Every structure is written in structure tokens, then in C-alpha cells.
There are 2 protein chains.
Amino acid sequence: MKPTIYDVAREAEVSIATVSKVINNTGRISDKTRKKVMDVMDRLGYRPSIVASALTGKRTYTIGLLIPDLANPFFAEIARSVENRGHELGFSIVLCSTDNDSNKEAKYIALLRQKSVDGIILAAGFNNDEILKQLVDEKFPIAVISQDIPSLAADSVTVDDYLGGYKVTEHLISLGHKRIAVFAENARSSKERIRGYRQALTDAGLDLDERFIYVCDSTIEGGKQQAREMLTITERPTAIFACNDLLAVGVMQAAREYGLTFPDDLSIIGFDNTILATSVNPPLTSVAQPIEEMGRQVMDLLVQRIEGATNMKRRVVLLPEMIYRGSTKPPVIH
Amino acid sequence: MKPTIYDVAREAEVSIATVSKVINNTGRISDKTRKKVMDVMDRLGYRPSIVASALTGKRTYTIGLLIPDLANPFFAEIARSVENRGHELGFSIVLCSTDNDSNKEAKYIALLRQKSVDGIILAAGFNNDEILKQLVDEKFPIAVISQDIPSLAADSVTVDDYLGGYKVTEHLISLGHKRIAVFAENARSSKERIRGYRQALTDAGLDLDERFIYVCDSTIEGGKQQAREMLTITERPTAIFACNDLLAVGVMQAAREYGLTFPDDLSIIGFDNTILATSVNPPLTSVAQPIEEMGRQVMDLLVQRIEGATNMKRRVVLLPEMIYRGSTKPPVIH
DNA sequence: TTGAAAGCGCTAACAG
DNA sequence: CTGTTAGCGCTTTCAA
């Protein structure tokens with residue numbers, strides 16, 4: 001059996017209270033006793049049980065991460081950066097794949113609470129607003145990454161999606177494109193990006209063709225399907241703004257089926273700047289989110305909240321950066 | 001405050017023992033009492049604390065997953081499938097990114113044990129054999145996915161790496177290639193794949209050129225660097241077997257720098273059949289591992305072990321399947 | 001500076 | 001069928 005605090009106490013010939021104090025560095029302990037206890041602890045390979053300690057009202061040092069789907073490299077990287085920072089701060093991450101299913105979201109949250117996690121991080125695309133509101137009302141520590149829910153008093157770290165969408169569109173316009181399609185997923189962040197897209201068109205005095213807004217499943221397949229639609233219409237777009245790299249890859253694959261080449265026949269820009277952006281050919285111009293930084297910041301916000309450092313809602317908005325590669329070009333004039 | 005078993009007992013006018021029994025469906029409780037208790041439980045929104053229950057010797061229903069790096073889509077998918085099955089079986093997954101650092105491995109394991117996880121799953125590329133041996137000796141439940149350590153008495157789920165390597169090489173040979181390079185990472189699975197590669201060469205009566213075995217960092221960059229080496233030698237290989245898709249992508253990128261085209265100038269086959277294989281152009285022929293199945297199986301093995309169903313080492317070996325796409329071709333004869 | 005004891009929320013004999 | 005009680009391993013007063 002694993003040694004308990006009693007074993008240590010017995011071996012060191014002190015009380016368990018004393019052992020507890022040296023573990024937690026509380027109270028006043030003579031150097032002599034402290035040393036004796038420490039020696040015994042590592043002779044026995046003693047490790048305090050976090051479960052027992054949590055039962056007395058202390059932290060579990062565990063945080064839940066709700067994330068739609070690790071199959072999207074963007075989310076995988078989010079998970080990685082959150083875990084990294086969590087580990088640095090002494091917190092473990094329990095992974096919860098929601099598949100954007102608000103039912104699963106609710107179940108996971110209930111489960112996490114049963115396990116007494118110290119806090120929860122919601123990554124992009126959380127749907128069950130009701131549950132969230134409840135958590136916030138109970139002052140349960142949560143933080144949101146890559147999605148801001150303005151109506152919700154929860155800390156959040158996002159990239160300026162509106163600006164990202166604006167810049168992408170502006171760039172395409174500056175190349176001479178006039179018919180620009182946008183491929184979006186059904187998520188808040190996409191809506192913001194589309195808002196930027198609209199504004200850029202307006203600012204350039206271009207008309208918006210509502211047909212050019214394609215809402216897709218957030219998968220390669222989803223992008224591909226909608227792209228097939230798009231490619232059949234007359235006067236089709238000459239440039240595409242994909243709200244994430246997965247969709248961009250889908251569009252590229254569909255276009256290839258039609259014998260079209262990037263960027264000669266069609267320009268495209270993605271979002272998230274994932275590993276996919278450098279893998280495809282031509283490499284994909286994409287909008288980078290500072291994932292490492294974002295992961296660090298949500299984690300920090302959350303831990304501060306757990307520690308009760310503040311009770312105001314804090315929003316961190318970072319700047320998206322467009323990474324230029326070879327997937328755009330001026331349109332061919334017919 | 002969250003309601004406790006005492007609150008429920010008081011409201012329902014029964015003892016906590018009775019409440020406990022209805023929670024766990026143990027003992028014999030009259031339907032009437034059961035109903036009354038259940039009603040109170042959900043009126044109060046009561047959820048038993050897993051922490052408290054774990055302290056009494058029951059499970060934590062939590063499992064640790066040690067995985068090198070989610071930035072590799074293969075690992076991300078492993079994580080996803082493990083989490084899926086875990087969730088189905090009522091277990092949460094705590095994510096631990098080891099970066100292949102045997103130090104971190106040891107730390108994570110210690111931490112997981114402090115948290116009293118019920119078991120641990122090790123994904124590919126675990127380095128710290130010493131710790132493992134210790135876990136096994138203590139009969140701590142562990143299971144290994146995508147890596148078998150023959151000397152270790154731990155359950156494992158793998159793909160037949162040897163066979164995978166053999167088939168890839170055999171295919172390239174059948175196309176007429178004679179100079180075939182292999183790009184490997186420094187991992188057990190790669191060694192097996194190389195063994196298959198060697199055997200296939202031997203069986204075909206081809207010489208093995210040891211220079212053609214490139215060991216790389218398991219990243220796109222790693223593959224790219226080694227590929228640059230390879231491309232400068234005279235009588236360079238006409239085909240490449242990359243032991244994972246990441247390396248394959250790296251090789252493709254390097255080759256492109258040299259103005260080479262796939263599959264006309266160079267054939268290539270990857271491994272893992274990740275999202276990258278379909279994203280690159282031309283699409284990459286790659287060896288698929290049945291990830292979904294593998295995740296399910298390790299989880300099942302582990303849970304069985306946790307439940308003490310067996311104490312023999314069990315090995316599940318699944319068949320790799322080569323997915324043919326457009327990245328190979330007979331070599332050009334000069 | 002140290003220790004005795006109560007209690008965290010729950011389970012599991014054991015009695016009734 | 002239901003309740004009393006003694007832990008699980010640890011923290012935290014409160015006395016000594």
C-alpha cells in the first residue's frame with residue numbers, strides 16, 4: 001500500500017498534525033523536526049493524497065477543458081498550450097470532447113463538478129449558453145478561449161476576429177478581386193469574421209452577394225461539399241476566404257476536382273494558420289492566432305479567478321496576424 | 001454550497017446510509033423510500049462527490065493519458081479516440097504532454113498517482129522504462145497504445161509495424177524502385193517499420209544502403225532537414241518511405257525547394273494516414289492505423305485490468321492498411 | 001513547537 | 001428495510 005500520513009508520523013515519531021505542517025509549510029516547526037519528517041517522507045516515498053486533501057476543502061488542482069474536436073489541428077494546439085501552462089502552474093487538465101453537442105457539454109460540466117475540478121476552460125464553440133450562465137451565477141471559475149460571449153460575465157481570451165476577417169478581405173480586394181466568397185462554420189468567431197468581411201467590402205464600395213456566404217460543417221469534407229456548390233454557379237467567385245484552414249483545404253480539394261489551380265484560377269486565404277497551411281500546395285496564406293499566448297493567458301486568467309484575485313470580467317483580445325504564402329494572386333481578367 | 005449527502009438525508013428524513021444505498025443501488029431499499037430519496041436528490045440538484053467517494057477506496061473514474069505531442073495529428077486522434085471510449089465507459093481523461101521527455105514522464109506519473117487515477121495509458125514513445133517496470137511491479141493498471149514493449153508485462157494495442165514497413169517497401173519495389181530511403185523517428189515503432197523495410201529489400205534481393213536510413217526529429221522540420229541532406233547525394237534514392245506523415249510532408253517540402261515534383265521525380269509513402277495525407281498535393285499514399293479501434297481497445301484493456309478481470313499480459317495487434325493515393329510511380333530510368 | 005481531536009462527504013459493515 | 005458508526009487521508013483549530 002501507498003504510505004499515508006500516519007505511516008510517516010509513526011516513523012518520524014511525531015503526530016500527523018506535524019507532518020501535515022511540514023508538507024504544507026504552515027505553522028512553526030523546528031528545523032530538526034522538519035528534517036526528520038522530510039527524511040522519512042522520502043525514505044518512504046510518501047506523496048500526500050490529493051484526493052484526501054481535496055476533501056478537506058483544498059484544491060484538486062485539476063481543470064476541465066471543453067473542446068469541440070481534437071481532429072481540428074487548431075483545437076489540438078489549443079489543448080496543448082493550455083495543458084502546457086496548466087502544468088507549469090501545477091494544474092492537470094481533463095480533456096472533454098464536446099463535438100459541439102450542447103447535450104454533451106452539459107453532461108461534461110456536471111461530471112467535472114462532481115469531480116470537484118477547480119475551474120473549467122471552454123474552447124471555441126460552446127453552445128449551451130444556459131449552463132454557462134448558471135456557472136457564472138454560481139461564481140464557478142470559468143474562462144473562455146477563442147470565443148467571446150459578450151453577454152456573459154466570464155473571462156475570455158480571443159483574437160480580434162472582426163479585424164482578421166477585415167484584413168483578409170481587404171487583401172483580396174487589393175489584389176483586384178471583386179467576387180469574394182466566404183466559407184464559414186456556424187460559430188460565433190465565424191460571425192465576427194464575416195462581419196469584418198462585410199465591412200471591408202462596404203469600405204471598398206463593393207456589393208455583397210449573400211449567396212457567397214457558405215456555412216459549412218467545420219471539416220475538410222464540409223468545405224469540400226459547399227465548394228462544389230460554389231464552383232458550379234456562373235460568375236463564380238475568384239477568391240475565397242475560408243474561416244478556418246480545414247475549410248480552406250476542403251475548398252482546395254474540390255477545386256482540384258474541377259481542374260482548377262491555386263492561385264492561378266482561384267485565390268484562397270485560410271484562418272488559424274495550422275499545420276495544414278504549410279502542408280498544402282501551394283502553401284496557404286492564413287491568419288495566425290497566437291495560440292501559445294492564448295493558452296497561457298486563459299490559464300492565467302482562470303487560475304487568478306480560482307484564487308479569487310478578482311471578480312470583474314476580463315477580456316483579453318489579441319491581434320491576428322496574416323501570414324502571406326502563395327495562395328493568392330490577382331484575378332485573371334476575362 | 002453544493003448539497004451533501006446529509007442535506008439529502010435530512011430533507012428525505014432518512015439516514016445518510018439509506019441515501020448512499022440508493023445512490024449506489026446497493027442493499028435493499030423499499031420503493032417508497034427510494035423514490036422519496038430520489039425526488040429530494042433532484043430537487044436539490046444533488047450530485048455525489050467523487051472525491052469523497054474515492055477517499056473511501058472507490059474509483060476516481062479518472063485515467064491518465066501520457067502522449068508525446070498533440071501537434072502531431074496522429075496523437076491528437078489517438079487522444080480523441082481514447083477520450084471517446086473513456087467517456088463511454090464513465091472515465092475522464094487527464095491529458096499529459098510528455099514531449100518525449102523521460103523526466104516529464106516520471107513527473108506526470110508521480111502526479112497522476114498522487115491524484116489517485118485508476119489507471120494510465122501510455123501512447124507511443126514512452127521512454128522511461130524504469131518507471132514503467134515499477135508500475136507494472138506494483139500492479140498499477142497501465143496499458144500501452146501504439147507501442148509494444150516486449151520486455152514489459154503491460155497490455156498493449158499496436159498495429160503490426162513490421163508488416164506495415166514491409167508492405168510499403170514491397171510496394172515501392174514492385175514499382176521498380178531500387179534505391180529506397182527511409183525516414184524514421186527515434187521510436188520503437190519506427191524500428192519495427194525499418195525491420196520490415198529491411199526484410200522486404202532482402203526478399204527482393206536488393207542491397208540495403210545504410211546511408212538511406214535517416215533518423216529525424218518527429219516534425220515536419222525534422223523531415224525537411226534530413227531530406228535536404230538526402231537530396232544532395234549522388235545516386236540519390238528514387239523513393240522514400242516516411243515512418244510518419246509529418247516526416248513525409250517535410251520531405252515533400254524539401255524536395256519542392258529543389259524543384260522536384262511528386263510522384264514524377266520522387267515517390268513517397270507515409271505512415272499513420274493522418275489528415276495531412278489527404279491535405280498535401282499530390283495526396284499521400286500512407287499506411288492507416290485503425291485509430292478509432294485502437295483507442296477503444298486500449299481503453300477496454302485498461303478498464304478490464306482496473307476491474308481486476310485478468311492479470312495476464314494481453315497484446316492486441318491490428319493490421320495496418322495501405323491507402324493508395326497518388327504519391328508513387330515507377331522511377332524514371334535515366 | 002507540538003499534538004489531540006473534530007470534521008470534510010461518503011461507504012460499508014453491523015445491528016436492529 | 002433502515003440506521004449507527006467507524007473509518008478513508010488529510011487539514012485545521014485549539015490546547016498544552
Side-chain angles (χ1 to χ4, degrees), chain A residues 1-41 44-62 90 110-118, chain B residues 1-41 44-62 90 110-118:
Chain A
M1 280 309 293
K2 280 184 61 176
T4 73
I5 199 172
Y6 287 94
D7 301 318
V8 177
R10 191 177 336 103
E11 289 286 307
E13 303 176 290
V14 297
S15 72
I16 60 165
T18 302
V19 178
S20 176
K21 280 169 197 149
V22 348
I23 293 171
N24 299 294
N25 247 302
T26 52
R28 321 181 58 61
I29 301 286
S30 73
D31 287 354
K32 187 149 153 290
T33 310
R34 175 187 314 285
K35 181 170 183 334
K36 189 168 52 171
V37 171
M38 305 243 278
D39 286 350
V40 172
M41 290 204 297
L44 264 45
Y46 170 74
R47 304 246 145 210
S49 154
I50 292 184
V51 169
S53 132
L55 189 57
T56 72
K58 304 201 46 167
R59 310 255 147 80
T60 53
Y61 292 98
T62 303
L111 186 59
L112 290 171
R113 302 205 59 184
Q114 264 196 277
K115 298 208 169 167
S116 306
V117 298
D118 298 329
Chain B
M1 280 310 294
K2 279 183 63 177
T4 73
I5 199 171
Y6 287 96
D7 300 319
V8 176
R10 191 178 334 103
E11 289 286 308
E13 303 176 293
V14 296
S15 73
I16 60 166
T18 301
V19 178
S20 176
K21 280 168 199 152
V22 348
I23 293 170
N24 299 294
N25 248 302
T26 52
R28 324 182 54 64
I29 300 287
S30 72
D31 287 355
K32 187 147 156 290
T33 311
R34 176 188 313 286
K35 180 170 183 338
K36 188 168 52 172
V37 172
M38 305 245 278
D39 286 352
V40 172
M41 290 204 298
L44 265 43
Y46 169 75
R47 302 247 146 209
S49 155
I50 292 183
V51 169
S53 132
L55 190 56
T56 72
K58 305 204 44 167
R59 312 253 144 81
T60 52
Y61 293 97
T62 303
L111 185 60
L112 290 171
R113 301 205 59 184
Q114 263 197 280
K115 297 208 169 166
S116 306
V117 298
D118 298 329

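Fair warning: this is a prediction, and the values are worked out from it, not measured in the lab. Numbers restart at 1 for each chain; the letters A, B, ... are given by sequence-line order, proteins then strands.
Residue T26(A) has no polar side-chain atom (N or O) positioned under 4.0 Å from OP1 or OP2 of dT12(D). Between dT11(D) and S20(A), a contact under 4.0 Å exists linking OP1 or OP2 to a side-chain N or O. Considering only side-chain N and O atoms, T33(A) lies nowhere under 4.0 angstrom from the phosphate OP1 or OP2 of dT1(C). Not one side-chain nitrogen or oxygen of T18(A) sits closer than 4.0 Å to the OP1 or OP2 atom of dT2(C). Between dG9(C) and T4(B), no contact under 4.0 Å exists linking OP1 or OP2 to a side-chain N or O. For dC10(C), the OP1/OP2 oxygens have a side-chain nitrogen or oxygen of Y46(B) closer than 4.0 Å. Dashed line: the shortest gap from a side-chain N or O of T56(A) to OP1 or OP2 of dT11(D) is not under 4.0 Å.
Taking the charged nitrogens against the carboxylate oxygens, K35(A) and D39(A) do have a contact shorter than 4.0 Å, which makes a salt bridge.
For the side chain to side chain contact (heavy atoms under 4.5 Å, CB included) with S116(B), the qualifying choice from T60(B), T62(B), L55(B) is T60(B), the only one to do so.
For K2(B) against dG9(C), no side-chain N or O and base N or O form a donor-acceptor pair under 3.5 Å.
Each of E13(B) and Y6(A) was matched to the nucleotide of DNA chain D holding its nearest heavy atom; the match closer to the 5' end belongs to E13(B).
Between T4(A) and D7(A) the shortest heavy-atom distance is N-OD2, 2.7 Å.
Residue K58(B) is classed as a sugar-phosphate contact, given heavy-atom separations below 4.0 Å to backbone atoms only.
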